Amino acid sequence: MKRVLLFLTILISLMTISTSAKSDDLTINIKIKSSSEGYDLTSEDGFELVTEGKTVLPIPSKNIHLYYENGLMIKTDSGFYGPYENSMVASKNNITAVGNRKYNGSFYLDTVNKALINNVSLEEYIYSVVSSEMGSSFEMDALKSQAVAARSYAISNLKKYIKHGYNLTNDIYSQVYLGVNNVNDKIRKAVDETKGLVAFFNGEVINATYSSSNGGVIASSEEVWGNKYPYLVVKSDPYSTNTPNVDWKVEVTRDNLDEILAQKTNKRNFTGLKLQKNSLGRVNNVIVSYNDGDVKLSANKFRLLFGSSKFRSTLFDVNKKVESVNRKPMPLKEKAIVVASTPGPNEGVVFDIVKLTDEEMNKISKVQNLGISAPNSAEAGGQNIIETAVDFSDKYVFYGKGFGHSVGLSQFGANEMAKQGFKYLDILNFYYPGIEVKVLND
């Protein structure tokens with residue numbers, strides 16, 4: 001019964017995190033790792049026990065071992081502490097080492113799976129995410145765009161893992177969060193200068209997804225995950241065509257491909273493949289033919305059969321390289337901005353295009369509805385499906401561009417935009433058209 005009460009208490013505290021609060025007031029709970037053996041934590045200045053936000057007991061040991069047994073248990077060289085309910089441990093100097101990584105904030109164990117959870121302030125969390133997702137080699141305005149995107153994503157996904165007793169994980173299934181080891185002055189500057197800034201669409205914090213590179217074509221959330229967001233639409237991206245490691249290929253024999261496909265189709269001896277592509281060339285679906293009928297797989301599910309690190313994106317073709325469909329980037333001195341953004345008949349967006357000089361751009365005081373690039377109807381909706389058959393062969397070579405799901409911001413595309421002189425608000429509005437960027441609870 002005590003376990004249930006503790007879990008409910010944690011759930012309630014997680015659910016009360018509200019977007020009406022300021023970023024300084026928010027903490028977030030991140031799953032770090034799972035182990036049945038418990039967890040070793042280290043602090044140069046020792047630890048303290050924190051209950052309901054108050055320090056209740058010093059733990060004068062640099063090395064402790066956390067495990068769960070009827071509550072939080074703490075083992076030190078001099079003895080045991082616990083069990084405790086509704087409690088966390090915190091380093092006295094706000095730096096706790098878990099293995100070779102260092103973290104800010106406090107730690108507790110969830111009562112269901114005994115996972116190690118890091119309770120950390122939102123802004124300290126964003127320091128780590130920006131350093132882990134991009135790193136200080138990126139341009140300053142790219143880092144700032146990443147900070148706003150990461151903060152927006154975190155807030156919009158606070159309930160993603162709430163039933164497990166935490167908000168997000170520390171990996172690619174949420175946002176990569178590797179502690180403070182690589183946080184430096186440049187990272188802090190990017191986060192501090194965008195402190196509290198969040199992207200909104202129609203008054204709601206956006207689900208600001210992002211990936212490494214889209215290869216030149218932004219994917220929509222609908223085609224990848226089946227969820228429509230008016231700011232996560234298909235669009236060409238000339239800033240992501242020549243990013244590092246943009247090109248990739250996967251070679252596979254027909255027999256090996258047959259085995260791979262069987263994992264989803266539960267059939268053997270396929271007789272053909274067809275690719276259904278949107279108007280910009282990104283694959284939406286793969287049709288696998290068998291003697292007794294066809295099986296349709298979403299391109300994302302098809303990709304994941306091979307492994308996301310190997311089959312890097314859904315912008316691909318078979319036995320030939322991907323054709324470029326991108327327009328040239330517009331000169332910085334003549335930008336086109338989107339001044340209206342409403343749902344269109346193809347579930348994309350309706351755009352009203354106005355060209356402005358840099359001087360005129362600088363006079364714009366509001367961020368709302370600012371966007372870069374002039375998408376045509378195909379780019380806005382991207383729903384015109386083109387179906388092509390793949391020649392039957394003993395060997396298949398998949399040629400692709402980009403790395404990741406390609407929905408929303410392209411990290412290397414953002415970096416290229418920053419190199420060309422675009423500011424972080426320009427970058428955000430290019431990748432999330434129609435948004436408004438403002439301070440949380442402003």
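The basis for the numbers below is simple: all heavy atoms, side chains too, and nothing from hydrogens, waters or symmetry mates. On a predicted model such as this, the values are computed, not experimentally measured, just so you know. Numbers here simply count residues along the sequence, with the first being 1.
- For the residue pair Y127/D192, the side-chain donor-acceptor check at 3.5 Å is satisfied.
- Counting heavy atoms from C-beta on, the side chains of L178 and N170 never come closer than 4.5 Å.
- Contact record, T209 with Y432: O-OH, 2.7 Å, taken as the closest heavy-atom pair.
- Aromatic ring orientation, F422 versus Y239: perpendicular (interplanar angle above 60°, classes split at 30° and 60°).
- Heavy atoms only, all atoms of each residue included: V322 and L315 are closest at CG2-O, 3.8 Å.
- Without hydrogens or angle criteria, N119 side chain to N29 main chain gives no donor-acceptor distance under 3.5 Å.
- No side-chain donor-acceptor contact under 3.5 Å links E133 and Q175.
- Residues A154 and L122 share a closest heavy-atom pair of CB-CD1, 4.3 Å.
- By the neighbour-count criterion of 12 heavy atoms within 6.0 Å, atom CD of E387 is densely surrounded, having more than that number from other residues, nucleotides or ligands.
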Applying side-chain contact (heavy atoms from CB on, under 4.5 Å) to D110 and H164, what does each step give before you reach the verdict?
CA-CA 7 Å; D110 83 80; H164 299 293; 5.8 Å; no
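- Here the closest heavy-atom approach between residue N285 and residue S298 is recorded as OD1-CA, 3.5 Å.
- For the atom pair CG of N157 and OH of Y173, the computed distance is 15.5 Å after rounding to the nearest 0.5 Å.
- Interatomic distance, OG of S145 versus CD of E139, reported as 11.0 Å (0.5 Å rounding).
- Atom NZ of K264 has 12 or fewer heavy atoms from other residues, nucleotides or ligands within 6.0 Å.
- Between atom OG of residue S220 and atom CG of residue N284 there is a gap of 7.0 Å, rounded to the nearest 0.5 Å.
- Between L72 and F107, every side-chain heavy-atom pair lies at or beyond the 4.5 Å cut-off.
- For the pair A190 and A147, the tightest heavy-atom approach, listed with the atom from each and the gap, is O-CB, 4.4 Å.
- By the salt bridge (Lys or Arg N to Asp or Glu O under 4.0 Å) test, K31 pairs with no residue at all, sequence neighbours left out.
- Heavy-atom contacts from other residues, nucleotides or ligands closer than 6.0 Å to CG of N93 number more than 12.
- The residue from F403, Y399, F311 that alone fulfils the ring pair (Phe, Tyr, Trp, His ring centres under 6.0 Å) condition with W248 is F311.
- Side-chain atoms of L26 and L440, non-hydrogen and from C-beta on, do get closer than 4.5 Å to each other.
- Interatomic distance, S152 OG to F201 CZ, rounded to the nearest 0.5 Å: 14.0 Å.
- Between R188 and D185, at least one side-chain nitrogen of the basic residue sits less than 4.0 Å from a carboxylate oxygen of the acidic one, meeting the salt-bridge criterion.
- Screening residues 240-252 for salt bridge (charged side-chain N to carboxylate O under 4.0 Å, His left out), with sequence neighbours left out, gives D247-K401, K249-E251, E251-K395.
- Remark: the backbone N or O of A115 is not paired with any side-chain donor or acceptor of N113 at under 3.5 angstrom.
- Within the 3.5 Å criterion, the main-chain N or O of F138 finds a donor-acceptor partner in the side chain of K186.
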For a side-chain contact (heavy atoms from CB on, under 4.5 Å) check, start with the C-alpha distance between L116 and L109, then their side-chain angles and the critical distance, and finish with the verdict.
CA-CA 5 Å; L116 181 66; L109 305 185; 3.7 Å; yes
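- With L41 as the partner, the side-chain contact (heavy atoms from CB on, under 4.5 Å) test is satisfied by one option alone out of N63, I74, V98: V98.
- Ring pair F398/F316 is perpendicular by interplanar angle, where above 60° counts as perpendicular and below 30° as parallel.
- V198 has its side chain out of reach of V148: every pair of non-hydrogen atoms, C-beta onward, lies at least 4.5 Å apart.
- Going from atom CG of L168 over to atom CD1 of I28 covers 4.5 Å, rounded to the nearest 0.5 Å.
- Under the 3.5 Å distance criterion, the side-chain polar atoms of K277 are left unmatched by any main-chain donor or acceptor of T388.
- Annotation: side chain of T51 is not in contact with side chain of Y84 (no heavy-atom distance under 4.5 Å).
- Both the sub-6.0 Å distance and the 45° axial angle are not jointly satisfied by K33 relative to the ring of Y39.
- When the shell of 6.0 Å around CD of Q263 is examined, it contains more than 12 heavy atoms from other residues, nucleotides or ligands.
- With hydrogens and angles disregarded, a donor-acceptor distance shorter than 3.5 Å links the side chain of R282 to the backbone of N214.
- Here the side chain of S406 pairs a donor or acceptor atom with the backbone of G404 at under 3.5 angstrom.
- You'll find the side chain of L261 stays beyond 4.5 Å of the side chain of V295, heavy atoms only.
- No side-chain heavy atom of S34 sits under 4.5 Å from any side-chain heavy atom of K114.
- Put simply, the side chain of H65 gets close to the backbone of E37: a donor and an acceptor are under 3.5 Å apart.
- Minimum interatomic distance between V233 and P433 (heavy atoms only, all atoms of both residues): CG2-CG, 4.1 Å.
- Judged purely by atom type and a 3.5 angstrom limit, T243 has no side-chain atom pairing as donor or acceptor with the backbone of V246.
- Using a 4.0 Å cut-off between charged nitrogen and carboxylate oxygen, R151 and E123 count as a salt-bridge pair.
- Note that CE of M140 is 6.5 Å distant from CD of E193, once rounded to the nearest 0.5 Å.
- For the pair S212/F412, a side-chain contact is recorded, criterion being any heavy-atom separation below 4.5 Å from C-beta on.
- Using modelled atom types and a 3.5 Å distance limit, the side chains of D237 and Y431 yield a donor-acceptor pair.
- Aromatic ring pairs are classed by plane angle as parallel below 30°, tilted from 30° to 60° and perpendicular above 60°; the pair Y177 and Y103 is tilted.
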In sequence, state the C-alpha distance, the side-chain angles, and the governing distance for R312 and N245, and then conclude on side-chain contact (heavy atoms from CB on, under 4.5 Å).
CA-CA 10 Å; R312 296 182 178 180; N245 303 313; 3.8 Å; yes
Show your working on side-chain hydrogen bond (donor to acceptor under 3.5 Å, both in side chains) between T96 and S43 and close with a plain yes or no.
CA-CA 5 Å; T96 299; S43 168; 5.5 Å; no
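- Between the side chain of N104 and the backbone N or O of N94 there is at least one donor-acceptor pair closer than 3.5 Å.
- The backbone N or O of N207 lies less than 3.5 Å from a partner atom in the side chain of Y231, making a donor-acceptor pair.
- No more than 12 heavy atoms of other residues, nucleotides or ligands shown are found within 6.0 angstrom of NZ on K62.
- Residues T169 and S174 bring a donor and an acceptor atom of their side chains to less than 3.5 Å of each other.
- More than 12 heavy atoms of other residues, nucleotides or ligands shown are found within 6.0 angstrom of NZ on K92.
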